[in-house]
Every structure is written in structure tokens, then in C-alpha cells.
Amino acid sequence: QALVTLNDPVYQEAAKALAARMIHEGGPSTSDQISRGFELVLGRSPDTQELDRLVRLAAEAAARYRDDVQMRDELLAKWPGETPSLIDPADLAALAVVGNVLLNLDETLTRG
């Protein structure tokens, strides 16, 4: 199940839409943006350890997408409609990675 949801186009599209909401609604810092995404998906705030891990993931992904523009552009090319112009593409792609993680957490998939 995990491999299906990680690679499913619907989940990838949802992760990118979540990333845009995280940026628009979360505030100026990556930490605030990730906290907002966490609250949107799980209905609760992340604990310190959860937030630290996701912020580290976002930083690593953003650095990778700044270095590998082709990989970033391939990810964002699948964006439905236009990529928002005021958002740094590397940050958007990095938060899409975080969004994909959030959507694939066991807590997300099994909550009833």
C-alpha cells in the first residue's frame, strides 16, 4: 500500500496542492508552514521531534531541488494548472515532498 500511495498521481497532486496551502497559510518560516500542513492533514500540531524531522527533510529536499533543476521541473511540470509564480520552485517542490510524507503517514491512512 505504501508504494502505491507514494507514487500514485492523485497523492502526488494532493501533496503539491497541500504544499501550496502550507506556503500560503503557514506563515513565513518553513517550520510554521510544515506545522500548518500537519494540522491540515492530521488535525493536531506536531510534537517537537516530528516537526524537527520534517523541517530537516524540507531543507534537504530544497537543497537537492536547487542543485537539480531538471528534477525539480519534472516534479512541478505535473502541477495541475500553473505553478504559483510568487513561490520559490525549490521550496514548493520540497514542501510537496513533506506533503507526500504527511499524506502517507500511518496516522493519516488509518484514522477513522
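Separating the CG atom in L95 from the CG atom in L18 is a distance of 8.5 Å, to the nearest 0.5 Å. The distance from atom CE of M22 to atom CZ of R36, rounded to the nearest 0.5 Å, is 10.5 Å. Here the CD atom belonging to E107 is positioned 4.5 Å from the CG atom belonging to L42, to the nearest 0.5 angstrom. How far CZ of F38 is from CZ of R44: 4.0 Å, rounded to the nearest 0.5 Å. Separation of atoms CZ (R64) and CZ (R72) is listed at 13.0 Å; rounding is to 0.5 Å. A distance of 3.5 Å separates CD of E50 from CG of D47, quoted to the nearest 0.5 Å.
Using a cut-off of 4.0 Å between Lys/Arg side-chain N and Asp/Glu carboxylate O, D91 and R66 are scored as salt-bridged.
When hydrophobic clusters are built by joining Ile, Leu, Val, Met, Phe, Trp and Tyr residues whose side-chain heavy atoms come closer than 4.5 Å, directly or via intermediates, V69 is not grouped with V97.
The closest donor-acceptor contact from the side chain of N104 to the backbone of N100 lies under 3.5 Å.
Put simply, the side chain of S35 does not reach to within 4.5 Å of the side chain of S45, judged on heavy atoms.
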Per-pair distances, 0.1 Å, donor-acceptor, side chain in residues 51-58, under 3.5 Å, sequence neighbours excluded:
none

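Taking every heavy atom of both residues into account, P28 and Q33 meet most closely at O-NE2, 3.9 Å. Shown here for A96 and A19, the closest heavy-atom pair between the two residues is N-CB, 3.4 Å.
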